[in-house]
Q: 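Below: one structure in structure tokens.
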Amino acid sequence: MVLVDRLDNQELFHCQGAFKVACGSKNALVKGACGVGLGFSCQDLLTRFEAVNDSNLGQETFKMQEVDLLGKIVRALSQMICQLTQSSSDLLESLSSYFPLNTYDMGTVMTSELSSKNSDDLEEDIWGVAGLVLGLGSSVNAIYRAGAHEAVLKIKDLIISWIPHVNPSVQNSSFHDERSEIVLSVGSCLALPIVVAFCQRVELESSYIMGPLLSSPACEPHLASLMQEIFLVAQNSDDHQQQQYAAWAISFLRHRLWSKEPKELQNFGHHFQTDADGSKSVSQSFSEDSTVMKLSLWLMQLNYSGPGVISHVNTVQTVLRCLSQAPRLPALDWGAIIRRCMRYEAQVSELKPLDSNLKKVTLREECLQFSLAHANQFDSLLSFLDEISELSRFSSLELNLQSHLLSHLEDLIKIFSGSRLEKLFDDITVYLSSSVSSHQGYNPGQQSLLRVSCWKGLDHCLDEASVDSLQYITNIEKCMEVLFSLLPAVQSGGILGVDQVDSKEEWSEAINCLGKSRRGWLLDLLQVLEADLVQGDDHFIQVAKKIQARARLVKIDSIPLTELGRLKAYILNTGSHGIWDVLIEVVAALQHAEGIVKRQWLVDTVEISCITNYPSTALQFLGLLSGSCCKYMPFLILDRFTVLSDLPVTLTSLLSEPNWEFVAESLVSRLWTLTERIYNWATHISHADDSYSSSLHSIDNSENAMAAFLTHVMYHTCVSLKDYLPLEKQLRLANMILP
């Protein structure tokens, strides 16, 4: 928390400085510069949750602080724009409503002192307000991460409304006068590409413009002549101001072309040719008649402009699936194509209802799979996956898309850089552990589906390379720790409900994944201390899961049986409430052990039962182990009381077998000691003698209800095994008066 607090205080200091300068200055350019600075200060807000300690409380406190700071910035920028332009404040006030005012608000203090007078220099006002609008536009990323999606749309609508209409007869109600229109227009034009591009990335519109017009083949004939006209105006025009605007446009185009990578710039000029009809033709590396090219061009021209030309969603899905299998693709703007396909299903569903029987995999899932398949060839697809995997964007996706991404983490590790993968796994950890993440709104089955997908994805990641060679292995392990803490408790039962079926699958995937992790880390994760077993029920659930996980990992030979044996005394000295399912898992793990190991567990169990505070637990385990190893095993009922009732039969049968006979005499001798202990305990309880617990080996009071039943079980067990007892003990057995 120290690091986070220091960063937050530093940001707050800079913002306070910007507020103070904007308040004290009478220069519009200074105010605009402060606005740009405040907008840029939003870029890192709500992105550093990994710097917080592991507690959910710390994460949420930090998030609230940053959301509060973001709200102050948005309110200050919107209020300054209103005051400097004298435009209608209704829309800006509605924007501020997304960020409620605190008792002390720096933005309010600052803007209350601002003068509403404009300066005499129109150009100065234009660029000053432009800075404020640009700052407001730069804040949309952080606003989206804060969950205020409607506020992002409000900002987009505001900025669009401030751009003068090409038809002078169309009046805009947002403008107070002509001066307001002029002042707001420049900043709006500068901020609009930022805001619209962001809205397209996060699917907040729908727009027919999928990217830069210059990279759209359909627009080339019109843009070529338009660029020629702009160039001529920049060279020679009677209107000096218009000449300046044209020169600026040419400069921006030149800067964009020169900022391209050499390979991309070469592609821009040479990958496409224009045929005699002026239409865009094919990539030089593909034949026009090739199936891949035809399908690619068909996707590029996909539209939903009218009912008569709408392609069925299943057709689009099939084309994407086919192209996902192609070894290479023509050099098209695949990022724009995939973004359009991501929106296609929702936009055409009203015009052409989908067949729900065919929607096992949605078009949006197919888009993700296509991007994963070809992102190593096209930077635009890599950028798309980068954006959609970012925490705030990922949180807004549908459940099936979240699940798809999580189950295909192994594809992302092949295309993301090491640092980006570290952030990816940290984001997943935050998403799964946060108490306010969108997945908290899912039902238990849906939450389990997400976790299962994540376990599968991590499992495949560990398959890709040696775990010791992965530079981001600690991030994966942190994610697994969170997933393990969220594992549901294992419950045995003959008839499984829906939740238990989900639990079974989740445990299966978890064990497969944990079995491939580093041995040292795994044993640390599953470490159980004696103190852990005497704490409250909630804590014991986590301890029980660790023991059950150890047992299952022993079954698949991921850890040695000795690691389970270390917990033998702890397990058998634990209250029977909640331990039954753990005992079942341990006995199941012992089924694959050698006979000598099973015999040692049997002998140790009887010895521990003579001193444990919870003899019913040890006897239940003894009954389970005896029943699983004897000849009657296929006919036994798995029930905590039945295994005790069957003990006289199962233990006697087991000790009669050749491989077990040689331990029978010593084991029955210890069993007699246990019988006497339980008999004396039950007798004292029946006489209400409270002195027993202090004078003899204590048995926990929670066992008292089982006293009479356990006495009968031990008595009949010893009767069945009396041939192994000396005559003296047989006589004492015969003289016992059962309660």
Side-chain angles (χ1 to χ4, degrees), residues 54 56 429 432-433 435 439 444-445 447-456 458-459 476-493 496-497 499-590 614 617 620-621 624 638 640:
D54 292 335
N56 284 338
T429 302
L432 293 172
S433 60
S435 60
H439 84 286
Q447 292 182 8
S448 179
L449 173 63
L450 268 187
R451 295 193 296 265
V452 167
S453 299
C454 195
W455 279 119
K456 287 180 179 179
L458 294 175
D459 185 17
I476 292 180
E477 289 170 347
K478 189 187 301 181
C479 191
M480 287 194 288
E481 287 178 18
V482 169
L483 283 171
F484 185 80
S485 70
L486 297 174
L487 267 178
V490 176
Q491 296 180 348
S492 62
L496 297 179
D499 291 346
Q500 289 174 295
V501 172
D502 294 335
S503 170
K504 184 177 180 181
E505 182 183 9
E506 189 172 345
W507 266 92
S508 176
E509 295 297 339
I511 294 303
N512 287 339
C513 185
L514 290 171
K516 299 173 184 177
S517 61
R518 295 188 296 179
R519 176 71 62 82
W521 171 84
L522 180 59
L523 294 179
D524 286 342
L525 174 68
L526 302 179
Q527 185 179 21
V528 177
L529 302 177
E530 186 173 6
D532 293 335
L533 297 171
V534 296
Q535 298 190 25
D537 288 346
D538 291 341
H539 186 77
F540 179 74
I541 291 175
Q542 295 299 322
V543 175
K545 288 196 300 187
K546 291 182 179 181
I547 300 174
Q548 290 169 315
R550 283 193 178 221
R552 294 195 177 196
L553 288 166
V554 167
K555 286 174 64 176
I556 62 174
D557 296 325
S558 289
I559 61 174
L561 184 58
T562 53
E563 292 298 334
L564 191 58
R566 299 178 194 276
L567 303 177
K568 189 186 304 177
Y570 295 166
I571 296 170
L572 300 180
N573 194 37
T574 302
S576 59
H577 175 68
I579 199 68
W580 172 251
D581 296 308
V582 174
L583 301 181
I584 293 176
E585 292 288 350
V586 174
V587 171
L590 288 172
Y614 304 94
T617 299
Q620 284 177 352
F621 184 80
L624 283 170
L638 195 63
R640 66 188 68 197

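Positions are given from 1, in the same order as the sequence printed here.
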Q: With the side chain counted from C-beta on, respond yes when Ser517 and Met480 share a heavy-atom pair under 4.5 Å apart, and no when they do not.
A: yes
Q: Roughly how far, to the nearest 0.5 Å, is CG of Leu483 from CD1 of Ile476?
A: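 Going from CD1 on Ile476 over to CG on Leu483, the span is 11.5 Å.
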Q: Only counting residues at least two apart or in another chain, list the ones meeting side-chain hydrogen bond (donor to acceptor under 3.5 Å, both in side chains) with Glu477.
A: Arg518
Q: Please examine the side chains of Leu514 and Leu525, heavy atoms only from C-beta on, and report whether any two atoms are closer than 4.5 Å.
A: yes
Q: With sequence neighbours left out, write down each residue that passes side-chain hydrogen bond (donor to acceptor under 3.5 Å, both in side chains) with Trp521, or none if nothing qualifies.
A: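 Testing Trp521 for side-chain hydrogen bond (donor to acceptor under 3.5 Å, both in side chains), a comparison that skips the adjacent residues, returns Glu481.
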Q: I need the minimum non-hydrogen distance between Cys454 and Leu432, along with the two atoms involved.
A: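 Scanning both residues completely, I find the closest heavy atoms to be SG-CD1, 4.2 Å.
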Q: Could you tell me which non-hydrogen atom of Leu583 sits nearest to which non-hydrogen atom of Phe621, and how far apart they are?
A: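 In terms of heavy atoms, the two residues are closest at CD2-CD1, 3.9 Å.
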Q: Quick one: closest heavy-atom pair of Val582 and Ala544, and the distance?
A: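 In this case the closest contact between Val582 and Ala544 is CG2-CB, 3.7 Å.
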Q: How far does OG1 of Thr617 sit from CZ of Arg640, to the nearest 0.5 angstrom?
A: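 The CZ atom of Arg640 is 10.0 Å from OG1 of Thr617, to the nearest 0.5 Å.
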Q: Quick one: list whatever passes side-chain contact (heavy atoms from CB on, under 4.5 Å) with Thr429, sequence neighbours left out.
A: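 Scan of Thr429 (side-chain contact (heavy atoms from CB on, under 4.5 Å), adjacent residues dropped) gives Lys478, Cys479, Val482.
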Q: The criterion is side-chain hydrogen bond (donor to acceptor under 3.5 Å, both in side chains); which residues satisfy it with Glu585, sequence neighbours excluded?
A: Arg552
Q: I want to check something: taking the side chain as every heavy atom from C-beta on, are Val543 and Leu529 in contact at a cut-off of under 4.5 Å?
A: no
Q: In chain order, what residues pass the side-chain contact (heavy atoms from CB on, under 4.5 Å) check against Ser453, with sequence neighbours excluded?
A: Ser403, Leu406, Ser407, Leu449
Q: For the residue pair Ile547 and Ile571, what are the closest heavy atoms and their distance?
A: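 Taking every non-hydrogen atom into account, CG2-CD1, 3.7 Å.
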Q: Residues in side-chain contact (heavy atoms from CB on, under 4.5 Å) with Ala510, at least two apart?
A: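 Partners of Ala510 by the side-chain contact (heavy atoms from CB on, under 4.5 Å) criterion, ordered by chain and then number, come out as Trp455, Leu487.
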Q: Rounded at 0.5 Å granularity, tell me how far OG in Ser448 sits from CG in Leu486.
A: 10.5 Å
Q: Can you give me the closest heavy-atom contact between Ser503 and Ala489, atom names plus distance?
A: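 Closest approach of Ser503 to Ala489, heavy atoms only: OG-O, 4.0 Å.
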Q: Do you know which two heavy atoms are closest between Thr574 and Phe540, and how far apart they sit?
A: CG2-CE1, 3.6 Å
Q: Does the side chain to side chain contact (heavy atoms under 4.5 Å, CB included) test come out yes or no for Val554 and Leu590, once each step is laid out?
A: CA-CA 9 Å; Val554 167; Leu590 288 172; over 6 Å; no
Q: Taking only residues two or more places apart in sequence, or in another chain, which ones meet Asp459 in a side-chain contact (heavy atoms from CB on, under 4.5 Å)?
A: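 Once residues adjacent in sequence are excluded, the partners of Asp459 under the side-chain contact (heavy atoms from CB on, under 4.5 Å) criterion are Asp463, Asn512, Cys513, Lys516.
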Q: Can you tell which of Glu505, Glu509, Glu506 makes a side-chain hydrogen bond (donor to acceptor under 3.5 Å, both in side chains) with Arg451?
A: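 Filter result, single survivor: Glu506.
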Q: Please report the interatomic distance NZ(Lys568) to OG1(Thr562), rounded to the nearest 0.5 Å.
A: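 Nearest 0.5 Å value for the NZ-OG1 distance: 10.5 Å.
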Q: Apply side-chain hydrogen bond (donor to acceptor under 3.5 Å, both in side chains) to Lys555 and list each qualifying residue two or more places apart in sequence or on a separate chain.
A: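 With neighbours one apart ignored, the set is empty.
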Q: Go through the structure and list residues passing salt bridge (charged side-chain N to carboxylate O under 4.0 Å, His left out) with Glu563, not counting sequence neighbours.
A: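 Partners of Glu563 under the salt bridge (charged side-chain N to carboxylate O under 4.0 Å, His left out) test: Arg550, Arg566.
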Q: Do Ile556 and Leu553 come within less than 4.5 Å of each other through their side chains, counting heavy atoms only?
A: yes
